[in-house]
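For reference, the structure is listed below as structure tokens.
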Amino acid sequence: TLLYIYDTPSFNPFSLAVDTTGELFFSDDSTGSIFQIEPNNHTTVYSGQGKLNGLAADAANLYWITASGTNYEILRGPKAGGSPTSLYKGTELYSFSPRDLKLQGGFVYWVADDTIWRIAQ
């Protein structure tokens, strides 16, 4: 059964992430923001993050890929907001168009063109 949960006319949603407790988050490509959502409500968790190419969540943290100029960065930040930690930053990621984050076994995985990459959480 198809279920409508949230209308996003003023946003450009790009990625969805669900943590282990069932909390739902989405990234907005038009503002570089990450939001936590519930039916008909949203809360800004991070803003001004640039172009967001992927989003994942575990019980405590959000993980995302952000673009700034020719640099891409893999970031981790508390689900409630705060200061994110850079897990990786480099210009070599730019040529690979990183996207689609997944978490498994203590690692963050992402797709970049014809390659799958990983880094410790």
Side-chain angles (χ1 to χ4, degrees):
T1 301
L2 183 63
L3 176 65
Y4 165 87
I5 65 162
Y6 191 67
D7 190 12
T8 62
S10 53
F11 301 113
N12 185 16
F14 188 81
S15 295
L16 286 173
V18 179
D19 72 9
T20 56
T21 66
E23 291 181 294
L24 182 63
F25 300 85
F26 76 93
S27 65
D28 173 32
D29 220 22
S30 65
T31 64
S33 298
I34 299 171
F35 299 94
Q36 180 180 5
I37 62 173
E38 295 176 12
N40 299 312
N41 190 22
H42 70 275
T43 302
T44 304
V45 181
Y46 293 94
S47 62
Q49 296 296 302
K51 182 172 171 42
L52 298 165
N53 291 3
L55 182 63
D58 63 18
N61 295 296
L62 295 170
Y63 301 80
W64 64 94
I65 302 171
T66 186
S68 176
T70 59
N71 288 312
Y72 277 76
E73 191 167 14
I74 310 297
L75 294 158
R76 176 186 66 220
K79 289 189 320 185
S83 297
T85 299
S86 178
L87 299 178
Y88 184 82
K89 183 175 184 177
T91 56
E92 62 270 15
L93 288 179
Y94 177 72
S95 63
F96 293 111
S97 302
R99 62 196 179 280
D100 196 27
L101 285 179
K102 302 295 181 205
L103 305 176
Q104 176 63 35
F107 290 96
V108 178
Y109 293 86
W110 66 95
V111 174
D113 291 338
D114 61 354
T115 307
I116 298 172
W117 299 76
R118 82 172 189 183
I119 194 161
Q121 283 180 255

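Computation of the quantities below employed the complete heavy-atom set of this structure, encompassing side-chain atoms and omitting hydrogens, waters and symmetry-equivalent molecules.
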Quick one, [X] and [Y] - any side-chain contact, counting heavy atoms below 4.5 Å?
X: I34; Y: W64; result: yes
X: H42; Y: Q36; result: no
X: F35; Y: Y46; result: no
X: F25; Y: D19; result: yes
X: F26; Y: L24; result: no
X: W117; Y: V108; result: no

Cluster check [X], [Y]: I/L/V/M/F/W/Y, side chain < 4.5 angstrom:
X: W110; Y: L103; result: yes
X: V18; Y: L62; result: no
X: L52; Y: I65; result: no
X: L75; Y: L87; result: no

Can any side-chain N or O of D28 pair as donor or acceptor with the backbone N or O of G32 at less than 3.5 Å?
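Here the side-chain-to-backbone pair does not exist.
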Side-chain donor or acceptor of K79 paired with backbone N/O of A59 under 3.5 Å:
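Yes.
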Quick one: list whatever passes side chain to side chain contact (heavy atoms under 4.5 Å, CB included) with A17, sequence neighbours left out.
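Listed in chain order: L55, A57.
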Could you go through E73 and S86, starting from their C-alpha distance and side-chain angles, then the distance that decides it, and tell me whether this counts as side chain to side chain donor-acceptor pair (under 3.5 Å)?
CA-CA 7 Å; E73 191 167 14; S86 178; 2.6 Å; yes
